[in-house]
Amino acid sequence: MQFRILAFLLIGFLMCADKANAVTLPRISYLDLPDGSNIRHALWQTASGEARGTVVLLTGRTEYLEKYQEFAEDWLARGFRVFSFDWRGQGLSSRFLTDHMKGHVPDYSYFVGDLSLWLDKIVKPAETGPTVLFAHSMGGLIALRYLTEHPARFAAVVLSAPMVDINTGSWPRFAAEMVSRMAGAFGFRESYAFGQHDYDPATDAIFQDNAVSSNPLRFKRIHDGFAVNPELKLGGVTFGWLIASFRAQALAAMPGALQDLRAPVLILAPEDDRLIPIDSQLVACRRLHDCTAITYPGARHDITAERDEIRAKAWRDIDAFLTRALAAGK
């Protein structure tokens, strides 16, 4: 436990090393789940504890709480307190498999159930003001699945490159789905999908031509976190993860799935996203009742880890969106 605390302090420092202001580290706790697993969660708030609103921050695949230190500081500067947690299967939450490197989930109902329990047990008793949902990538897909069942939970929703689709490379999507289902049927759900492997810093931490960020410092910080605390590492995905993800995407795209969602939605769509096709993100926005999609030229998959000029534009867009959305909700 002492090592984990020291690791968080060091990673938090790395994540905000270029900022002159003092780092506000979060309060870290664990929430026990009914099946004996647990999830690690965090609360960032100012020393006074006062806030004009609450942000629920849902991370993407492979990510961990410390990675969002700088972004949480940005929300604090805007008067919000920030709640977040490590998805089960990554970060320092319980993993689904004994091989902790494999990115796996049996079904997205696990993610949605964990999110619901955490919101009820941890966030709801401490909410202040309007609550805004910010979700990135896989977290965006989980958010959409949650919102089909709880459409009135949030005052406003911001989705960064939501994982409403997956770039399957040279494989047509239908072929990737078919092969994944066949692999699952033959008992390979917990095996790495083709081309997937353990996390390897010699290849995965190379900045050149990476798909995540065009900012070398912020890209390096992500992998520095894995070096400081190797327990955070996560490799590629299993066939089971693919099966579950394809199914969750299909359910989120069903006609009428989000017809009761009336909260305004903002989608931040990176134009150079090689992981989630931008066209699919724009189509997802058109399906929603009140959705605005803004594209970002030159931005790769993770706008929160991008160059200063891209992040600054995204923040201007988020600020303008929240001014409108939260005023309308009064």
Side-chain angles (χ1 to χ4, degrees), residues 56-64 67-68 71 84-91 96 102-112 114-115 133-149 157-169 171 173-174 176-177 180 193 195-196 210-213 222 234-254 257-258 261 265-288 291 293-296 299-306 314:
V56 168
L57 194 164
L58 304 183
T59 67
R61 200 192 83 79
T62 78
E63 295 185 334
Y64 52 92
K67 184 259 183 185
Y68 280 90
F71 195 60
S84 187
F85 72 99
D86 287 340
W87 295 113
R88 203 184 334 183
Q90 62 191 56
F96 287 105
K102 291 180 176 179
H104 181 74
V105 64
D107 188 80
Y108 272 58
S109 59
Y110 285 85
F111 289 147
V112 174
D114 293 350
L115 174 59
L133 174 66
F134 180 95
H136 173 60
S137 194
M138 185 185 79
L141 175 58
I142 300 168
L144 291 173
R145 293 292 302 120
Y146 175 85
L147 289 168
T148 62
E149 302 172 14
V157 176
V158 182
L159 304 178
S160 165
M163 200 182 80
V164 292
D165 196 0
I166 300 173
N167 184 348
T168 53
W171 288 67
R173 179 178 167 118
F174 78 88
E177 289 191 62
S180 297
Q196 303 294 293
N210 81 87
V212 174
S213 171
I222 296 169
L234 185 66
V237 302
T238 64
F239 284 113
W241 184 92
L242 282 174
I243 294 168
S245 296
F246 288 139
R247 172 175 166 76
Q249 290 168 349
L251 290 173
M254 286 181 62
L258 290 157
L261 176 62
V265 178
L266 173 65
I267 291 183
L268 312 178
E271 284 194 3
D272 192 18
D273 195 334
R274 307 173 209 172
L275 303 179
I276 315 299
I278 187 172
D279 289 347
S280 298
Q281 299 178 45
L282 301 181
V283 168
C285 188
R286 290 197 289 270
R287 292 194 188 107
L288 301 177
C291 180
I294 301 177
T295 60
Y296 295 85
R300 299 181 190 177
H301 180 60
D302 187 358
I303 287 176
T304 72
E306 264 296 351

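These numbers were taken from a predicted model, which means no experiment stands behind them.
- Listed by first and then second residue, the salt bridge (charged side-chain N to carboxylate O under 4.0 Å, His left out) pairs involving residues 234-243 amount to none (not counting sequence neighbours).
- Scored by the ring-ring contact (aromatic ring centres under 6.0 Å, His included) test, Phe111 finds Trp87, Tyr108 as partners (sequence neighbours excluded).
- A donor-acceptor pair is defined here as one N or O able to donate and one able to accept, closer than 3.5 Å; such a pair exists between the side chain of Ser213 and the backbone of Ala305.
- In terms of heavy atoms, Leu234 sits closest to Gly89 at CD1-O, 3.6 Å.
- The CG atom of Asp86 sits 11.5 Å away from the CG atom of Asp114 when rounded to the nearest 0.5 Å.
- Partners of Gln196 under the side-chain hydrogen bond (donor to acceptor under 3.5 Å, both in side chains) rule, at least two apart in sequence or in another chain, do not exist in this structure.
- Applying the salt bridge (Lys or Arg N to Asp or Glu O under 4.0 Å) test to Arg247 and every residue at least two apart in sequence or in another chain returns Asp107.
- Residues that satisfy the side-chain hydrogen bond (donor to acceptor under 3.5 Å, both in side chains) test with Asn210, not counting sequence neighbours, are absent from this structure.
- Side-chain atoms of Gln281 and Pro270, non-hydrogen and from C-beta on, do get closer than 4.5 Å to each other.
- Inter-residue side-chain proximity for Leu144 and Leu159 is flagged as met; some heavy-atom pair is nearer than 4.5 Å.
- Using a 4.5 Å heavy-atom cutoff, the side chains of Arg61 and Ser137 are not in contact.
- Note that CG of Leu268 and CD of Glu306 are 12.0 Å apart. Values are rounded to the nearest 0.5 Å.
- When the options Leu58, Leu57, Thr59 are evaluated for a side chain to side chain contact (heavy atoms under 4.5 Å, CB included) with Phe85, the one that passes is Leu58.
- Closest non-hydrogen pair, Gly235 versus Thr62, comes out as O-CG2, 4.5 Å.
- The one candidate from Ile267, Leu288, Leu266, Leu147 that meets the side chain to side chain contact (heavy atoms under 4.5 Å, CB included) condition with Val157 is Leu147.
- Evaluation of the side-chain contact (heavy atoms from CB on, under 4.5 Å) rule for Ala253 yields Arg287 as partners, not counting sequence neighbours.
- Applying the ring-ring contact (aromatic ring centres under 6.0 Å, His included) test to His104 and every residue at least two apart in sequence or in another chain returns nothing.
- In this view, Arg145 and Thr148 satisfy the side-chain hydrogen bond (donor to acceptor under 3.5 Å, both in side chains) rule, not counting sequence neighbours.
- Scored by the side-chain contact (heavy atoms from CB on, under 4.5 Å) test, Leu282 finds Ala269, Ile278, Arg286, Ala293, Thr295 as partners (sequence neighbours excluded).
- Phe96 CZ to Tyr110 OH: the interatomic distance, rounded to the nearest 0.5 Å, is 7.0 Å.
- The backbone N or O of Ile222 sits less than 3.5 Å from a side-chain atom of Tyr64, completing a donor-acceptor pair.
- Every residue was checked against the ring-ring contact (aromatic ring centres under 6.0 Å, His included) condition with Phe246, not counting sequence neighbours, and none meets it.
- Considering all non-hydrogen atoms of both residues, Ala135 and Ala143 come closest at CB-CB, 4.0 Å.
- Counting only heavy atoms from C-beta outward, the side chains of Asn167 and Leu275 never approach each other to under 4.5 Å.
- Side-chain contact check for Tyr146 versus Leu133: every heavy-atom pair is 4.5 Å or farther apart.
- In this structure, Thr168 and Glu177 have side chains that are not in contact, with every pair of non-hydrogen atoms separated by 4.5 Å or more.
- In terms of heavy-atom proximity, Ala252 sits nearest to Leu258 at O-CD1, 4.1 Å.
- Taking the salt bridge (Lys or Arg N to Asp or Glu O under 4.0 Å) definition, one finds that Asp302 meets it with Lys67, sequence neighbours left out.
- When side chains are defined from C-beta on, Lys102 does not count as touching Trp241, because their heavy atoms never get closer than 4.5 Å.
- Taking CZ from Arg274 and CZ from Arg300, the interatomic distance works out to 4.5 Å, rounded to the nearest 0.5 Å.
- Taking the side-chain hydrogen bond (donor to acceptor under 3.5 Å, both in side chains) definition, one finds that His136 meets it with Ser160, sequence neighbours left out.
- Proximity of a side-chain donor or acceptor of Gln249 to a complementary backbone N or O of Met163 within less than 3.5 Å is detected.
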